2 protein chains.
Amino acid sequence: MRELKSSVNKTFAVLEHFTVEKPEWGITELTKVLNSNKSTVYRFLSDMRTMGIIDQNPYSGKYSLGLKLFELGNRVQVQSAFVGKTHPILVDVAKNITETVHIAIIKNKQVFYIDKAESSQGLKISTNIGSSSPLHATSLGKVLLAFSYHNYQNLVTDKILNKTLKPYTPNTITDPKKLIKELEKVRAQQYAIDDEEFELGLVCAGVPIFNTRNELVASLSAAGPSSRYNKEKVKEYVKILQWGADEIKNKIGDFKLNIT
Amino acid sequence: MRELKSSVNKTFAVLEHFTVEKPEWGITELTKVLNSNKSTVYRFLSDMRTMGIIDQNPYSGKYSLGLKLFELGNRVQVQSAFVGKTHPILVDVAKNITETVHIAIIKNKQVFYIDKAESSQGLKISTNIGSSSPLHATSLGKVLLAFSYHNYQNLVTDKILNKTLKPYTPNTITDPKKLIKELEKVRAQQYAIDDEEFELGLVCAGVPIFNTRNELVASLSAAGPSSRYNKEKVKEYVKILQWGADEIKNKIGDFKLNIT
DNA sequence: GACGGTGTTTCATTATATGAAATGTAGTTT
DNA sequence: AAACTACATTTCATATAATGAAACACCGTC
């Protein structure tokens, strides 16, 4: 906390510590991880509680994120102008595929999940909306790289030269040259496959979502256990996903998110 | 801005101005409504942009809410521990009723929408998640009042004595005594009806959602044009809503939101 | 090429944030 | 029930960051 200068920085440094994994914090423990002072942290939380940004559990006294943030989150353009409108389509796609489907964009050189519709089946993956995954090991990410010239260029010039492609399973593509070939394939066939490249046992198929100006807006995928997948199924899923992407295109018109 | 003391206050005073109705702001116009100074507002927005809390449109230069808020909003308990788990049930309910369904809780003595599943029909209402409506003129609100002793007491002792019940249509219940009778009826029949009491042409049916400890957690409603409603339909809808509320109960177990 | 409207930077002044220590509170141990 | 422990909360002198007036920069328009 000491090194952070502006009040905005400090405010959000506090909020950032409240995650899905650790949603509740007391003053003292939060003070430690923030490398700050009890009074300071107390005042931050106290001020935020007054405004509904932070809730306090009346029994434990612990603090957690409040409804004001839920409210603000729903005002963000990606929610109010995109997810809010396209979600019913996603639900339809999930119903037809009977697997969990996701929509993602690029944020900070990662796949950033903005919506999902879960499979009704017992065995399914569970992803948090607002969380991130690696670009090179997911179908969503490969699609976003393959169809965005800007990001593709970034990959070629920056990522490959400076950074290594982290392996997540034995199947993860870690050779930059192979990844570039893979992306060319994705462009050619208009969809991407993640064949247990991020998590063993998990297979995904992803397609791009364009707007009516044919600008890349997001990517759409279906994800399920490898036991339920085969080549025939993938073809079927890709068809349904492409139908969904087309429905979304018609719904959003020329709307564009700033994919960075 | 001058009267606001803490940095947290100032930070969120800026963010609050970004609404669904006016999602984009320039420095100058925002300075005016905040009764502040260009430099100050510029620095706030600039700092927040660096952190992804605010986005800047590269063409117009205007600012809007950023993905960081979307991310934080999805970490709020109501989303991560409730809506995220119960949403598929809501979708099922909407499919069966073929009208838009909502889930709401109480926040600041208002109905606060936390989830929805929209009807696939052309004519439907459109509500923003994270927005609010009056308690006394909606089925969701009447249910929340009727089944929460704390809020019911509040109504009787505070609201009725100090405040008037604002009329929205000729059907709005504005007489406190009538409202109390209405709430008794709601408790007796286990559901509430909003017969064009908030908006002309709009009819809703609402039921309570309890957890496995039978504590009130939220309320669930179906909303559609009066032209599609009749007594038979209402009975059918209430059955489906009660089925949905029961499914949600099984899903959440003894989970409890802090309904205030 | 002057003008009106923006956004951005500068810097001396002002006001708020800070943290050490004192105090309060609740639960636990002796 | 007194001493102890582990928190949360309050106080207040001091340090630090926020502020705003003014200057500057960058448009597009007339």
Side-chain angles (χ1 to χ4, degrees), chain A residues 1-19 21-66 68-69 77 258 260, chain B residues 1-19 21-66 68-69 77 258 260:
Chain A
M1 199 96 134
R2 276 189 253 283
E3 61 284 3
L4 297 168
K5 285 181 186 176
S6 84
S7 60
V8 174
N9 267 273
K10 290 175 230 170
T11 302
F12 281 87
V14 172
L15 291 176
E16 274 293 5
H17 281 83
F18 294 84
T19 62
E21 289 73 31
K22 174 132 181 66
E24 288 203 333
W25 288 86
I27 306 275
T28 306
E29 51 177 347
L30 193 51
T31 301
K32 273 178 200 148
V33 299
L34 282 166
N35 187 30
S36 183
N37 176 286
K38 273 205 294 184
S39 320
T40 303
V41 174
Y42 171 74
R43 264 187 313 263
F44 267 101
L45 292 177
S46 188
D47 284 356
M48 290 193 199
R49 181 185 43 197
T50 308
M51 283 180 280
I53 298 153
I54 288 279
D55 279 343
Q56 187 171 23
N57 185 314
Y59 305 106
S60 68
K62 302 264 180 174
Y63 295 85
S64 58
L65 298 180
K68 177 56 73 188
L69 288 169
Q77 200 187 30
N258 290 328
T260 328
Chain B
M1 201 95 134
R2 275 186 256 279
E3 63 284 3
L4 297 167
K5 283 179 185 174
S6 85
S7 60
V8 174
N9 268 273
K10 289 176 229 171
T11 302
F12 281 87
V14 172
L15 291 175
E16 274 292 6
H17 280 85
F18 293 84
T19 61
E21 289 73 31
K22 172 130 184 66
E24 288 204 332
W25 288 87
I27 305 276
T28 306
E29 51 177 348
L30 193 50
T31 301
K32 271 177 202 151
V33 298
L34 283 165
N35 187 29
S36 183
N37 176 287
K38 272 204 297 182
S39 319
T40 302
V41 174
Y42 171 74
R43 265 187 313 262
F44 266 101
L45 292 177
S46 188
D47 284 356
M48 291 194 196
R49 180 184 46 197
T50 308
M51 283 180 279
I53 299 153
I54 287 280
D55 279 342
Q56 186 170 25
N57 185 314
Y59 304 108
S60 68
K62 302 264 181 176
Y63 295 85
S64 58
L65 298 180
K68 177 55 73 188
L69 289 169
Q77 200 187 31
N258 290 328
T260 331

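Here is how names work: the chains are called A, B, and so on, in the same order as the sequence lines, proteins then strands, and each is numbered from 1. Please read all numbers here as calculations on a predicted model, not as lab measurements.
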Interatomic distance, OG1@A:Thr40 vs NZ@A:Lys10, rounded to 0.5 Å, equals 8.5 Å

d(A:Met51 CE, B:Glu16 CD) to nearest 0.5 Å is 9.5 Å

Per-nt protein contacts along nucleotides 22-30 of chain D (heavy atom under 4.0 Å; B base, S backbone sugar-phosphate only, - none) come out as B--------

- Identify whether any heavy atom of A:Ser7 sits under 4.0 Å from a base atom; if not, whether one sits that close to sugar-phosphate; answer base, sugar-phosphate or nothing. sugar-phosphate

* How is B:Gly26 classified with respect to the nucleic acid when contacts are heavy atoms under 4.0 Å: base, sugar-phosphate, or nothing? -> sugar-phosphate

Residue pair B:Asp47/A:Ser46 against DNA chain D: nearer the 5' end by closest nucleotide is A:Ser46

Can you tell me how far [atom2] of [N] sits from [atom1] of [X], to the nearest Å?
{"X": "A:Asn57", "N": "D:dC7", "atom1": "CG", "atom2": "P", "answer": "16 Å"}
{"X": "B:Arg43", "N": "C:dT9", "atom1": "CZ", "atom2": "P", "answer": "11 Å"}
{"X": "B:Tyr42", "N": "C:dG5", "atom1": "OH", "atom2": "P", "answer": "22 Å"}
{"X": "A:Leu30", "N": "D:dT9", "atom1": "CG", "atom2": "C1'", "answer": "16 Å"}
{"X": "B:Lys32", "N": "C:dG7", "atom1": "NZ", "atom2": "C1'", "answer": "13 Å"}
{"X": "A:Lys62", "N": "C:dA26", "atom1": "NZ", "atom2": "P", "answer": "17 Å"}

Contacts satisfying salt bridge (Lys or Arg N to Asp or Glu O under 4.0 Å) that involve residues 31-50 of chain A (not counting sequence neighbours) are none

Q) Does any N or O in the side chain of A:Gln56 come within less than 3.5 Å of the main-chain N or O of A:Gly61, such that one atom is a donor and the other an acceptor? A) yes

Of the candidates C:dA17, C:dT8, D:dA18, the side chain of A:Lys10 sits closest to C:dA17

When the rotation axes relating C1' atoms of four end pairs to the next four are compared across the helix from C:dG1-D:dC30 to C:dT30-D:dA1, five pairs an end, they differ to 10° by 30°

